[in-house]
J.: 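Below is a structure I'd like to ask you about.
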Amino acid sequence: MSFDYDLFVIGGGSGGVRAARIAAGYGARVGLAEESRMGGTCVIRGCVPKKLMIFASSAPEAAAEARGYGWPDAQTGAFSWDAFKAKLDAELDRLEAAYTRGFESAGGTIHHQRARVTGPHEVTLADGTLLSAKHILVAVGGRPQRPGIPGEELGMISDDLFMMEKLPGRVLVIGGGFIACEFATILNGLGVDTVLAYRGDKVLRGFDGDARQLVTDQLQQIGVEVRLGLSPARLARDGDAVIAHFDDGSSDRYDAVMFATGRRPNTAGLGLEEVGVTLGPGGAVMVDDWSQSNIPSIYAVGDVTDRVNLTPVAIREGHSFADTLFGNHPRHMDHSLVASAVYTRPHELGSIGMTEDEAISRGGVEVYDTRFRPMRSMFAGSDARVMMKLIVDDQTRQVLGCQIFGPEAGELIQLAAIPIIMGATKEDFDRTVAVHPTMAEELVTMRQPTRHHARAAADSGAADAAERAAQA
Ligand SMILES: Cc1cc2nc3c(=O)[nH]c(=O)nc-3n(C[C@H](O)[C@H](O)[C@H](O)COP(=O)(O)OP(=O)(O)OC[C@H]3O[C@@H](n4cnc5c(N)ncnc54)[C@H](O)[C@@H]3O)c2cc1C
Ligand SMILES: NC(=O)c1ccc[n+]([C@@H]2O[C@H](COP(=O)([O-])OP(=O)(O)OC[C@H]3O[C@@H](n4cnc5c(N)ncnc54)[C@H](O)[C@@H]3O)[C@@H](O)[C@H]2O)c1
């Protein structure tokens, strides 16, 4: 049977473009549909513009630090959203063009419209064109999810932040995950009066407990009003303002409200269920280790599979898929140890592997935990503290996890991830001679465990908690 394409990719984001470009490089005939802009979430409305906004929002701190180093007149002056936005738009245009060029010069064809799956080997474009393909790769990503409260259409989602005409005077950010923490940090740094409302007792559920507390505290220290144990009940309009009514009966008035209440796979209306593809909770495409769905010709990578929703993971999944199917080089992604960073400010959170909370329930673990004020910011008069934590198996001595809360922690965790993935022991870290004076040298100079969580015993968690409380 002959097909229009060897591979048809739906979605021109991180995972889809990588898979499409690599497959085309192997000589496959590849078509790709993108309904919005090439580059997808990360490039157009995620990692890239977000990180540039983090850089922009750090300027007042840089000025404060300069004053602490003997530049008494250092000031940032007023921030111009217009000037920044014009540069940001130009940069995103450049990246979008690079993504387009990269795929087309590898021989692929882009269809700039929405696609639906209409058969195991068939997609239908929005203009009605039917195309056949030997393999279909679903790489449609995810989309922001609103919480399902009355008036929620009055709230923004993260996509909208990058397209604002002007900055709001006062904003409410709802949620306590990656996006809520990063955007509250950005908006605060750009001079917006920022409130963050989160239903839990500290932000970043699922991360190391101490790190969560440090991020929660830092948000407050930089001037974000953090309101914990609070959920929005409904939104209402009042002139130009939005009134948020909360579940404790209180209400408040904002220029803008932003939901950062999670994302869900983008499979609504994609036709997958109709052709028999099994979807999981929230609409994720269920795939095996090879990113293959239960329909053998249909594969999926990236956020639409809701495995680990990060750009480098989508890219690795897409690349592995293309190597396996078209490059005669079978390989798949190992999701067990993936490093990540939350770009808060001035300190970021970098983490890989086991958290201390997981260590407590598993047991048999030593924790090396150091807290200090780094030389650079301390000299400038800041009280900000760094945390570095290594979680070590008390028998094999293998480093099972690393948590870093500090300046450029994203950069640091990238490097720490290499020995940890190689299976390095604490003694391997110890015999690495420090680079001095750096902050990261603490990672190789922690001599004594700070805590030990004993193996087994169901009640050891309580004992450990008591021990930690005594040390605190
Ligand atoms: C605000 C924000 C910040 C983030 N920051 C980071 C970060 O710092 N680091 C990190 O690693 N990750 C970050 N992420 C997550 C990262 O962006 C995603 O994990 C990554 O983009 C997933 O890639 P993907 O290929 O699965 O999907 P996407 O990049 O979402 O691409 C999917 C593409 O499919 C298109 N599409 C959807 N349906 C159709 C259809 N039917 N037909 C045609 N086209 C379609 C969409 O328009 C989109 O372009 C962030 C996400 C957000 C929202
Ligand atoms: N630096 C990075 O790598 C980075 C940055 C941003 C996003 N991302 C990716 O994007 C994903 C989505 O980010 P996110 O922050 O939207 O999701 P998230 O899952 O990290 O956090 C969602 C937050 O919303 C809260 N929430 C959910 N429903 C709610 C409701 N009804 N009312 C009140 N609060 C509610 C949750 O408790 C949670 O705190 C992340 O999981 C991550 O994979 C990564």
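One-based numbering, in listed order, for ligands and for the atoms of each.
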J.: Among protein heavy atoms, which lies nearest atom 41 (N) of ligand 1, and at what distance?
T.: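 Here the nearest protein heavy atom works out to A115 O, 2.9 Å.
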
J.: With heavy atoms only and a cut-off of under 4.0 Å, state how Y343 meets ligand 1: side chain, backbone, both or neither.
T.: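 Side chain only; the backbone of Y343 stays clear of ligand 1.
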
J.: Looking only at protein heavy atoms, which one is nearest to atom 8 (O) of ligand 1, and how far off is it?
T.: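 Going atom by atom, the protein heavy atom closest to atom 8 (O) of ligand 1 ends up being K50 NZ, 2.7 Å.
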
J.: Given that the side chain starts at C-beta and the backbone is N, CA, C, O, which of these parts of R263 lies under 4.0 Å from ligand 1, counting heavy atoms, or is it both or neither?
T.: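 For R263, the contact with ligand 1 is made by the side chain alone.
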
J.: Around atom 18 (C) of ligand 1, find the nearest protein heavy atom and jot down its residue, atom name and distance.
T.: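 Answer, as residue, atom name and distance: D303 OD2, 3.2 Å.
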
J.: Heavy-atom distance under 4.5 Å between the side chains of I44 and S36, does that happen here?
T.: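 Heavy-atom side-chain distance check fails, nothing below 4.5 Å.
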
J.: Near A314, which atoms of ligand 1 are under 4.0 Å from a heavy atom of that residue?
T.: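 By the 4.0 Å cutoff, the relevant atoms are 23 (O).
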
J.: Contact between V215 and V342 at the side-chain level, heavy atoms closer than 4.5 Å - yes or no?
T.: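 No, too far: nothing below the 4.5 Å cut-off.
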
J.: How close do Y198 and V203 get, counting heavy atoms only, and between which atoms?
T.: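 Shortest heavy-atom contact: CE2-CA, 3.9 Å.
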
J.: If you measure from each non-hydrogen atom of V43 to ligand 1, which part falls under 4.0 Å: side chain, backbone, both or neither?
T.: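 Near ligand 1, V43 shows nothing, with every heavy atom at 4.0 Å or more.
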
J.: Identify the closest protein heavy atom to atom 2 (C) of ligand 1: which residue and atom is it, and at what distance?
T.: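 For atom 2 (C) of ligand 1, the nearest protein heavy atom is G46 CA, 3.5 Å.
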
J.: For F183 together with F162, are the ring centres under 6.0 Å from each other?
T.: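 F162 vs F183: aromatic centres under 6.0 Å.
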
J.: Please could you name the atoms of ligand 1 that S36 approaches to less than 4.0 Å, counting only its heavy atoms?
T.: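 The atoms of ligand 1 under 4.0 Å from a heavy atom of S36 are 47 (O).
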
J.: List ligand 1 atoms under 4.0 Å from G15, heavy atoms only on the residue side.
T.: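 Near G15, meaning under 4.0 Å from one of its heavy atoms, ligand 1 has 25 (O).
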
J.: In the protein, which heavy atom is nearest to atom 15 (C) of ligand 1, and how far is it?
T.: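 The closest heavy atom on the protein side is N309 O, 3.8 Å.
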
J.: Let me know which protein residues bring a heavy atom to under 4.0 Å of ligand 2; chain then number is fine for ordering.
T.: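 Answer by chain and number: K50, P147, G175, G176, G177, F178, I179, E182, Y198, R199, A260, T261, G262, R263, N309, L310, A341, Y343.
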
J.: Compare all side-chain heavy atoms of P144 with those of F259 and state whether any distance is below 4.5 angstrom.
T.: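 When only atoms from C-beta onward are counted, F259 and P144 do not touch, as no gap falls below 4.5 Å.
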
J.: Any salt bridge between R199 and D247, counting N to O under 4.0 Å?
T.: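 Salt bridge flag = no for D247 with R199.
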
J.: Among Q213, Q403, K389, which residue satisfies the side chain to side chain donor-acceptor pair (under 3.5 Å) criterion with D208?
T.: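 So the option named by the test is K389.
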
J.: What are the two closest heavy atoms between S351 and I413, and how far apart are they?
T.: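 Result for this residue pair: N-CG1, 3.6 Å.
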
J.: Identify, by atom number and element, the atoms of ligand 1 in contact range of Q113, meaning under 4.0 Å from any of its heavy atoms.
T.: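 Those atoms are 43 (C).
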
J.: Taking only distance into account, with no hydrogens and no angle test, what donor-acceptor pairs under 3.5 Å do side-chain atoms of residues 295-304 form with protein atoms, sequence neighbours excluded?
T.:
from: S297; atom 1: OG; to: P120; atom 2: O; distance (Å): 2.6
from: Y299; atom 1: OH; to: Q292; atom 2: NE2; distance (Å): 3.2

J.: Counting each atom of ligand 1 from 1 as listed, which ones have a heavy atom of P312 under 4.0 Å away?
T.: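 The list of qualifying atoms is 11 (O).
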
J.: Going by the order shown, which atoms of ligand 1 are within less than 4.0 Å of some heavy atom of F183?
T.: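 Ligand 1 atoms under the 4.0 Å threshold to F183: 1 (C).
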
J.: Is it the case that atom NZ in K51 sees more than 12 heavy atoms from other parts of the structure closer than 6.0 Å?
T.: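 Above 12, so yes.
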
J.: Do the side-chain N and O atoms of Y26 and D323 include a donor-acceptor pair separated by under 3.5 angstrom?
T.: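 There is such a pair (donor and acceptor under 3.5 Å, judged by atom type) between the side chains of Y26 and D323.
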
J.: Looking only at heavy atoms, is any part of C47 under 4.0 Å from ligand 1, and if so is it the side chain, the backbone, or both, or is it neither?
T.: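 Both backbone and side chain.
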
J.: Taking atom CZ of R205 as the centre, does the number of heavy atoms from other residues, nucleotides or ligands within less than 6.0 Å exceed 12?
T.: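 Check fails, neighbour count at 12 or below.
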
J.: Quick check on contacts: which atoms of ligand 1 are under 4.0 angstrom from a heavy atom of R45?
T.: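 Listed by number with element: 1 (C).
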
J.: Which protein heavy atom lies closest to atom 36 (N) of ligand 1, and at what distance to 0.1 Å?
T.: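 For atom 36 (N) of ligand 1, the nearest protein heavy atom comes out as E35 OE2, 3.8 Å.
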
J.: Can you report which non-hydrogen protein atom sits closest to atom 51 (C) of ligand 1, along with the distance?
T.: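 Closest protein heavy atom to atom 51 (C) of ligand 1: T41 CG2, 4.0 Å.
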
J.: Report, as yes or no, whether the 6.0 Å neighbourhood of atom CZ on R170 holds more than 12 heavy atoms from other residues, nucleotides or ligands.
T.: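 Enclosed.
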
J.: Between the side chains of D210 and R371, is the shortest nitrogen-to-carboxylate-oxygen separation below 4.0 Å, so that they form an ion pair?
T.: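 A salt bridge links R371 with D210.
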
J.: Just to be sure I read this right, does ligand 1 sit under 4.0 Å from the backbone of V140, its side chain, both, or neither, counting only heavy atoms?
T.: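 Both the backbone and the side chain of V140 come within reach of ligand 1.
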
J.: Distance to 0.1 Å, residue and atom name: give those for the protein heavy atom nearest to atom 27 (O) of ligand 1.
T.: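 Minimum-distance protein heavy atom for atom 27 (O) of ligand 1 reads G141 CA, 3.3 Å.
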
J.: For E34, which part has a heavy atom under 4.0 Å from ligand 1: side chain, backbone, both, or neither?
T.: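 Answer for E34: both.
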
J.: Looking at L310, which atoms of ligand 1 are within less than 4.0 Å of one of its heavy atoms?
T.: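 With L310 as reference, the close atoms of ligand 1 come out as 10 (C), 11 (O), 12 (N), 19 (O).
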
J.: Using a heavy-atom cut-off of under 4.0 Å, does the side chain or the backbone of I179 touch ligand 1, or both, or neither?
T.: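 The part of I179 near ligand 1 is the side chain, not the backbone.
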
J.: Pick one: which of L190, I222, V173 meets side chain to side chain contact (heavy atoms under 4.5 Å, CB included) with T185?
T.: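 Only match with T185 under side chain to side chain contact (heavy atoms under 4.5 Å, CB included): I222.
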
J.: Classify the side-chain pair S291/R307 by whether it contains a donor and acceptor separated by less than 3.5 Å.
T.: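 Yes.
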
